[in-house]
Amino acid sequence: DQAISPIDCFADVHQNLLSFRKDERFKKCTYSVGQVNAGTAKNIIPETLSFAGTMRTFDMENVGEIFFKEFINMLENTTKALRNEVPLFF
């Protein structure tokens with residue numbers, strides 16, 4: 001398959017993010033993706049996809065910062081493996 005789809009890439013990113021729930025380090029935080037935007041037609045692979053979400057914890061130093069670093073690492077590795085690019089905006 002020669003298509004480079006940001007939707008397929010996001011599906012993997014989201015699946016990897018869900019796997020964080022099994023990580024004991026992140027038991028004291030909650031996170032969710034609340035918004036995903038891509039494409040304008042059902043038969044065209046979109047050029048871009050954006051998503052947004054939140055992560056909350058009472059322990060930003062020990063949990064939040066580790067979560068953030070792991071999330072960025074996972075995001076960069078997943079998008080690179082699927083030949084996508086990821087500009088980050090916070």
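FYI, side chains are in, hydrogens and waters are out, and symmetry mates aren't considered; it's all heavy atoms of this structure.
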In terms of hydrophobic clusters joined by side-chain contacts under 4.5 Å, are Phe67 and Leu18 together?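 Unlinked, Phe67 and Leu18 end up in two clusters.
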Distance check, rounded to the nearest 0.5 Å: [X] atom [atom1] versus [Y] atom [atom2]?
X	Y	atom1	atom2	result
Glu85	Ile4	CD	CD1	9.0 Å
Ile66	Cys29	CD1	SG	10.0 Å
Ile7	Asp12	CD1	CG	13.0 Å
Ser5	Arg83	OG	CZ	10.5 Å
Thr40	Glu47	OG1	CD	10.0 Å
Thr79	Asn77	OG1	CG	7.5 Å

Any donor-acceptor N/O pair, [X] side chain to [Y] backbone, under 3.5 Å:
X	Y	answer
Thr57	Gly64	no
Ser32	Gly34	no
Asn84	Leu82	yes

From the options Lys69, Glu76, Met74, select the one residue that forms a side chain to side chain contact (heavy atoms under 4.5 Å, CB included) with Ile72.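 For Ile72, the side chain to side chain contact (heavy atoms under 4.5 Å, CB included) check succeeds only for Glu76.
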I'd like to know whether NZ of Lys27 has more than 12 heavy-atom contacts from other residues, nucleotides or ligands below 6.0 angstrom.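 Yes, enclosed.
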Just to verify, what does Arg25 make a side chain to side chain donor-acceptor pair (under 3.5 Å) with, not counting sequence neighbours?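 Testing Arg25 for side chain to side chain donor-acceptor pair (under 3.5 Å), a comparison that skips the adjacent residues, returns Asp23.
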Stepwise side chain to side chain contact (heavy atoms under 4.5 Å, CB included) test for Gln35 and Asn37: CA-CA 7 Å; Gln35 185 178 37; Asn37 299 298; 3.5 Å; yes
Using 30° and 60° as the class boundaries, would you call the ring planes of Phe71 and Phe51 parallel, tilted or perpendicular?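 The arrangement is perpendicular - the two ring planes meet at more than 60°.
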Does the side chain of Tyr31 come within less than 4.5 Å of Leu17's, by heavy atoms?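 Heavy-atom side-chain distance check passes, below 4.5 Å.
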Using a distance-only test with no angle check, is there a side-chain donor-acceptor pair under 3.5 angstrom linking Ser19 and Arg21?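 Side-chain D/A pair, Ser19 to Arg21: absent.
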Judged by modelled atom types alone, do Asn16 and Thr78 share a side-chain donor-acceptor pair under 3.5 Å?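 Yes, a side-chain donor-acceptor pair sits under 3.5 Å.
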Which atom of Leu49 lies closest to which atom of Ala38, heavy atoms considered: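 Smallest heavy-atom distance, with atoms named: CD1-CB, 3.7 Å.
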Full working for side chain to side chain contact (heavy atoms under 4.5 Å, CB included) between Glu70 and Phe20: CA-CA 9 Å; Glu70 292 289 327; Phe20 281 23; 4.1 Å; yes
